[in-house]
Amino acid sequence: MITRLSLVMRMTVCVLLAGAGAASAQADYPNKPVEIVVPFTAGGGTDLIARLVADYLGKKWSQPLLVVNKPGGGGVIGARAALKESRPDGYTALMDIHTTSSMLMGAWKTPPLKLEDRKFAGRIVRDPMVFAVKADAPWKTFKELSDVVKAKPEELVWSTVGPAGPSRYTAYDWFTQIGVDAVKTKMVITEGAADSMTKLAGGHVMLAIHSVAEAHAMTKAGKIRVLAVLSPSRVKFLPDVPTAEEQGVIKGVRVQWWAGVSFPAQTPDPIVKKWESAIAEMVKDPQFLAAAERINMNIDFLNAAETRAFVEKEVAGYTDMATKIGIRR
Amino acid sequence: MDALVALGGGFAAALSPMNLAMAVVGALLGTLVGVLPGLGPTAAIALLFPLTTVLAPVPAIIMLSGIYYGAMYGGSTTAILLNIPGEVASVPTCLDGYPLAQQGRGGVALGVAAIGSFVAGTLGVIALTFFAPPLADRALWFGPPEYFGLMVLAFTVIASLSGGSLVRGFAMAMLGYFVSLIGLGPSTAEPRFTFGWEPLMGGVEFIALVVGLFAIAEVFLGLEEARVAIATKLRNVFPRAADLRQALPAILRGTGIGFVLGLLPGCAPGVTVFLAYDAEKKLAREPERFGRGAIEGVAAPESANNATSSAGFIPLLALGIPASPPLAVLLGGLMVYGLQPGPLLFERNADFAWTVIASFYVGNVILLLLNLPLIGMWVWLTRIPYGILGPVILLLAFLGAYSARNSMLDVGVSLVCGIAGYLLRKYQWPLAPLLLAYMLGPLLEKYLLQSLSMSGGSPLIFFQRGVALALLLGAALLLVLSLVIVHYASQRVRETTAEEMAL
Amino acid sequence: MNFTASGDRIVVGALLVVLGTAALLEARRLHGLREAMVAGAVVGDDTFPLILGAAMVLLGLLCLIVRLPSARVSVPAGAARAQMLGSGAVLAAYWVILPTVGYTLSTALAAIALYRSMGRYRWPVAVAAGAVTTVVLHLLFRIWLRQPLPAGWLGI
């Protein structure tokens, strides 16, 4: 009978709350579970950071934050579901990344989602990209792999998270620089880094290009090997892995991985502000930083205004890059 | 024994007070709706599914499992007390259950059905604990071509869901695939069949589709059949020792038949119940008792039904292939909560998966504890007049379809699906293949595209890889096998009900 | 009235042919877009519609040509037909008025109309039952599921 009693009590409380009126709806935010949409499969970088954030803010606000994976269409399906097809009441957030924002706008002349469709609350992570192969692959260095691909481009099967994803930008930059016709290689579109890494570990594709954090679990499990990191200098989580530039293959760093939180454009400002300040506090908390360190996630915070400026700059950069490497349409 | 530890963790999660409460609420609601004479188990699950969406995934799935078991049990109740098989799997239960009810022993029949369900459910959980980990270990073997093979294997399930006529089954499956195409494409997110209209880009909502096809259509069918309840007296709910002695061997045999066949991907309970009933009749010393209220005649098919469903969780969770229409709706529910059944399930969502397994077991036990004492109430519920029931179901379906995405478009879709579902059901076009194809279509497409990208467009890739080839051969074999058993089962359905019924 | 149906086969067959053709046309449109987006890719969003469209057209033609074992179908008559059409009309009307009239009033009206048409209850009974149903659904959807339902111009 406890159940029925508590249900009745809950209903009574709810009726009272409903009576208290909508005016306080924003002041006591969140008063019910918040959904964080991850537009990729569980286990990828977007998913990992979303779960860290959900865990931290969920405890802070004593309301569950639910991570919901909605993969497909290179992240567009989930991002649209969060930004365009949900209620702008602050109870649906998007774990927004380059693939669903700047790179999308760079690759499409009429993108299925625009920057104006969202309000950023802040950027949380910035991470370099890495080139990874299966643990027992014959190529010891990135240079070696590049030479093989140069000789026989049609044998390269590589995975990406969508036509506008960081893997594709990075790979095409690489192909352009080593003089390989990208059209000859075989690109497999997956539903996110976790999906792509599983295919790499199972030997179904030869090369996967993802962020440092995304490569972490499979590297640690001994299933894959990182050949190069795309960064101006070596990264602290992978001290033994040389940079692509160091190996004389790719000059410059034009692609990087980042993740932030955004909301539908009509979401009330006080709610977005609340998220912004909560994230700002979170990224200073040693406990949160330790948790991020455990999964090799490089925390690098930008506030809402800085994030927007950063993404706008990226849009210009990726538009230019997409035009040059021939993936803009 | 990592699996046992993991299962222990699952039980710990499923037994937390909040989750236990959800299991109880789910089992009660499921039985409540399943017992209503107008609604079979599939419709009951479809109708109640929107109510779970407010919860966090774990309690939601636990509630869903309660609803599933409750609805299945509710289906048996109407079969025994009202002689209305909500689904083909309940047809043999009617044969002896209803005569028992007329003799005032309906309670005993219901009790035996609940116990049979419990035994079968227990076996299912034990088997899952041992089957899942070895499969999960081999998950990395499964690349796109292997998954494609799996999807083809799932496609052959359509044969056993199509009620005898393959052409009808495949036609419905094609429509299901077509509906699944609407929305954004999987590789370049290109809008398909949206005619530039934004609301269609999100695709057709699962809840709107099932609520329309199953719940709304069912009300129209119910109106037409003018279903009326009979007054039954329940003298004794708890089976006597003599009843149990008589029923136990039948329960075990039914469980055995149902379980072994249920392990085959795509073997529907509608098939195994007849095999179990016929086996009992052949083994019996006085076969003439059957059809006049033999307790074994209830025990065997009920156990087989539940054993097939429980065993069906193995292909469902491990391969993503549902064996029966209620399991197909359940699969949709799991997918909505971000659980993608398949070999990778135990690697990616291990905690969640074990919690689901544990909660299905908990749901089963709760049902046993709850239903024996509450049978009187369920009987009372079956007497609610259709004039009250119909409007309530229609309003619930209407608002349920709206609640999925707050969209009036979804409600419109589900009203149209209601009319289409009514007409299709009436003209014997099976709906389960449509639902299955709608759910598995995006996966089939994804794996097809990935495989062909890997091979540079050559379909030979499906035949050059051992596991993929084995799956395709298995699919062909299964197709033949299920055609044979389906032929047998639909003949039996025709003999017993003198009408066609979709398996 | 009972009769053995065969028209359903023609309708479904024709539907398959029409939808299959639509899928083929859509595949052609998508093919052009894919060439622009992912030059050189061997498959894309158009591949599956192409295969499905072809299969649908073939199966549709098969349905049109081959006789299937046909079902015995009874056409609803009398009270059942009136109830069915009535409840369908009520649902359609409910769908039309819900966004403008608002959840509370439209649900009460729909419930009363359904009790009248499906249950044949007298007006006082139907109104009372409709009111109770509206309150219960309000508790279920607005309070438990916290579902924002359209309030309409009355604000309820």
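Values reported hereafter were calculated over all heavy atoms of this structure, with side chains retained and with hydrogens, waters and symmetry mates removed.
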Contact leader toward chain C among B/I419, B/L444, B/L394, where contacts are heavy-atom pairs under 4.5 Å: B/L394

Side-chain (C/W95) to main-chain (B/V411) donor-acceptor, under 3.5 angstrom: no

Atom of C/A111, atom of B/L395 and distance for their closest heavy-atom approach: CB-CD1, 3.7 Å

Smallest separation among heavy atoms of C/V43 and B/L449, with atom names: CG2-O, 3.4 Å

side-chain hydrogen bond (donor to acceptor under 3.5 Å, both in side chains) partners for C/R28, two or more places apart: none

Option that, when pairs with chain C are counted at under 4.5 Å, heavy atom only, ranks first among B/Q450, B/M408, B/M172: B/M408

Part of B/P385 within contact of chain C (heavy atom distance under 4.5 Å): side chain

Smallest separation among heavy atoms of B/L223 and C/A80, with atom names: O-CB, 4.1 Å

Close side-chain approach of C/V11 to B/Y427, heavy-atom, < 4.5 Å: no

Residue among B/F398, B/Y177, B/F220 with most heavy-atom pairs under 4.5 Å to chain C: B/F398

Validation row: B/L181, C/E26 side chains within 4.5 angstrom (heavy atoms): no

Check: B/L424 and C/D8 side chains under 4.5 Å, non-hydrogen atoms: no

Shortest non-hydrogen contact from C/A23 toward B/F178: CB-CE1, 4.1 Å

Heavy-atom contact with chain B under 4.5 Å, split by part of C/Y94: both

Contacts table for residues 123-134 of chain C: side-chain donor-acceptor under 3.5 angstrom, sequence neighbours left out:
{"from": "C/T133", "atom 1": "OG1", "to": "C/Y115", "atom 2": "OH", "distance (Å)": "2.8"}
{"from": "C/T133", "atom 1": "OG1", "to": "C/A129", "atom 2": "O", "distance (Å)": "2.6"}
{"from": "C/T134", "atom 1": "OG1", "to": "C/G130", "atom 2": "O", "distance (Å)": "2.7"}

Close side-chain approach of C/P49 and B/E445, heavy atoms under 4.5 Å: yes

Full working for side chain to side chain contact (heavy atoms under 4.5 Å, CB included) between B/Y422 and C/M84: CA-CA 11 Å; B/Y422 164 76; C/M84 227 180 272; 3.5 Å; yes

